[in-house]
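Heads up, the thing below is written out as structure tokens.
Sequential numbering from 1 along the given sequence is applied to the chain's residues.
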Amino acid sequence: MTRTAPGTTPAVDDATAERLAAALRCVTVSCENPVETDQAEFDRLTTHLEACFPLVHAHLELETFGHARLYRWAGREDSERVAAILLAHMDVVPVDDEQGWTHPPFAGVVDDEFIWGRGAIDDKSRVMAILEAVESALAAGVKPSGTMYLAFGHDEEVFGAEGAGRMSARLRAAGVRAELLLDEGGVIATGLAPGVDVPVATIMVGEKGFATVRLSVIAIGGHSSMPGRQTAVGRLARAVARIQDHPFPLRLTPVTLDMLSRLRSVMSEPRRTLLGLVGVAGPAVARVLAARPTTEALVRTTTAPTMIHGGVKPNVLPQRAEAFVNFRILPGDSVADVLAHCRRVVRDKQVRIELAGTTSEPSPNPAAGPAFDLIADLTREVVPGIAVTVGMVPGATDARYYDDLATTRCNFAPIVLSAQDLERIHGTDERLSRTNYARLITFNRLLIDRLAR
């Protein structure tokens, strides 16, 4: 599976890299309208998985939900005890700027250092790494003492209702309660935490909620030479400005306090001293975190106006205008709170305010569970010399459907990424290094070995 790269860093061999690359060549773009999804590409991926991992498909039970795949690996000692549910998703987001890619996004190019393509990080590498690890364990005669489930969704990028939604309902109906739930989310980041010189593994223990609010105004049209005191566009713009100018208050949640506590020992001064005083200096700490967009998300429900449109011509008064504002909701706030907040700060009955599209509440009471230390220990084994902390996924993952099905929830992959690497996720030139792919496979195999004890 691995070879030695320059600097004695382990990396996957050509055959292992090619198996991932072939999966990346399947154009499994999920669409909100299922009719627009190319089902044949998902069939191609299914065929590839079954060809690459014969032992998995010979020894594990498989139930499908459309293109989603739920595997059951019966435990050696107690098939009723569920040791883990490992989640990943097979779908990807579309590509907007194909001409800007170094290699075509669905070509699955492999070079000496990287495996290139849409889904290389998010999230086909985790699908393939889990299956590589299980196939390897089966070949070695390893079997977990408690049952494991592998749940691979096919529509995570369009909110996951048909994949994760149906698979989680199936497990819930069967009375499944796992010791560990593991999904995508956190990574090992370099250069992202101010005052921390070592790479930081952020193992997410929950996720923020999300809601999009639609603001709309209807007005009488006419010629722009005879406007009233307020056009539909003007009224709407004022409402959007009020929402943006009145964000949710800053707040340190228990998860953020735990995160800072775990990082304090590796922080430089004066941050280390400041964090030691967080009990009395909490507002100051929150303001420091709010100074950067990447950390502001830790201390408030964020507000992002994303779309606005109205009118048909420059000299015609618009009869309708609408805007959309996206919120990522901190635990302790709710979707209802978002709606109430918008109505309170807009203070204009002529502006209609309503929810648009899918919403999700934040994880209830997120915290590091009993199996958190296992994931942390395995991460340090795969990538020594790092700091490990907790966090919250700012976006949405399939794991939210399974929140009540496990004692410990972790969203994490032990891959080392820079800020520039993170921008490639859903962006241009998505790629994964051979070394990082080796880390993914090794981590999953170590997890299986530990669960086999």
Side-chain angles (χ1 to χ4, degrees), residues 29-37 91-100 105 118 155-161 208-248 293 296-297 300-330 333-361 394-396 423 425-428:
V29 175
S30 55
C31 303
E32 292 191 37
N33 182 356
V35 175
E36 298 174 4
T37 299
D91 62 319
V92 299
V93 296
V95 175
D96 291 332
D97 59 340
E98 186 167 344
Q99 299 305 313
R118 175 62 85 222
D155 60 345
E156 190 272 349
E157 300 292 1
V158 289
F159 305 116
K208 298 180 80 172
F210 64 89
T212 298
V213 172
R214 179 193 289 113
L215 312 176
S216 58
V217 177
I218 297 176
I220 297 173
H223 199 280
S224 63
S225 62
M226 296 177 288
R229 296 189 64 183
Q230 189 77 256
T231 71
V233 167
R235 187 180 293 275
L236 180 69
R238 185 175 63 180
V240 172
R242 283 177 174 171
I243 290 174
Q244 183 161 262
D245 292 343
H246 295 84
F248 273 75
E296 183 183 16
R300 75 160 94 238
T301 292
T302 56
T303 303
T306 54
M307 298 173 63
I308 187 166
H309 51 82
V312 293
K313 288 184 67 178
N315 64 343
V316 175
L317 297 178
Q319 292 183 299
R320 179 178 177 86
E322 65 178 3
F324 295 85
V325 184
N326 185 254
F327 295 84
R328 299 300 168 128
I329 307 168
L330 204 63
D333 294 329
S334 67
V335 173
D337 291 334
V338 166
L339 208 54
H341 171 82
C342 290
R343 288 170 175 158
R344 183 170 59 252
V345 300
V346 169
R347 303 191 313 275
D348 187 341
K349 294 182 179 180
Q350 299 302 310
V351 179
R352 183 176 182 181
I353 300 173
E354 59 191 339
L355 295 172
T358 302
T359 64
S360 178
E361 299 289 355
E423 291 174 357
I425 303 172
H426 286 200
T428 299

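Separating the NE2 atom in H341 from the CG atom in D333 is a distance of 9.5 Å, to the nearest 0.5 Å. R344 CZ to R242 CZ: the interatomic distance, rounded to the nearest 0.5 Å, is 13.5 Å. L339 CG to T359 OG1: the interatomic distance, rounded to the nearest 0.5 Å, is 10.0 Å. To the nearest 0.5 Å, the span separating CD1 on I329 from CG on D337 amounts to 8.0 Å.
Within the 4.5 Å cutoff, side-chain heavy atoms of H426 are placed close to those of E157.
Between I243 and C342, the closest heavy-atom pair is CD1-SG, 3.9 Å. Of all the heavy atoms in D91 and S30, the pair that sits closest is OD2-OG, 2.7 Å. Residues A323 and V240 share a closest heavy-atom pair of CB-CG2, 3.7 Å. The minimum heavy-atom distance between P94 and R118, with the atom names listed, is O-NH2, 3.6 Å. Closest approach of P318 to A219, counting heavy atoms only: O-CB, 4.1 Å.
The existence of a salt bridge linking D348 and R238 is confirmed by a sub-4.0 Å separation between a basic side-chain nitrogen and an acidic carboxylate oxygen.
The only option from D97, T428, V95 that meets the side-chain contact (heavy atoms from CB on, under 4.5 Å) definition with P105 turns out to be V95.
With E361 contributing its side chain and V335 its backbone, the two residues share a donor-acceptor pair below 3.5 Å.
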With a 3.5 Å cut-off and sequence neighbours excluded, list the donor-acceptor pairs that the side chains of residues 208-216 form with protein atoms.
| unit_1 | atom_1 | unit_2 | atom_2 | d |
| --- | --- | --- | --- | --- |
| K208 | NZ | A297 | O | 2.8 |
| K208 | NZ | R300 | O | 2.9 |
| K208 | NZ | R328 | O | 3.4 |
| T212 | OG1 | N326 | ND2 | 2.9 |
| R214 | NH1 | E354 | OE2 | 3.3 |

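Within a 6.0 Å sphere centred on CZ of R343, other residues, nucleotides and ligands contribute more than 12 heavy atoms.
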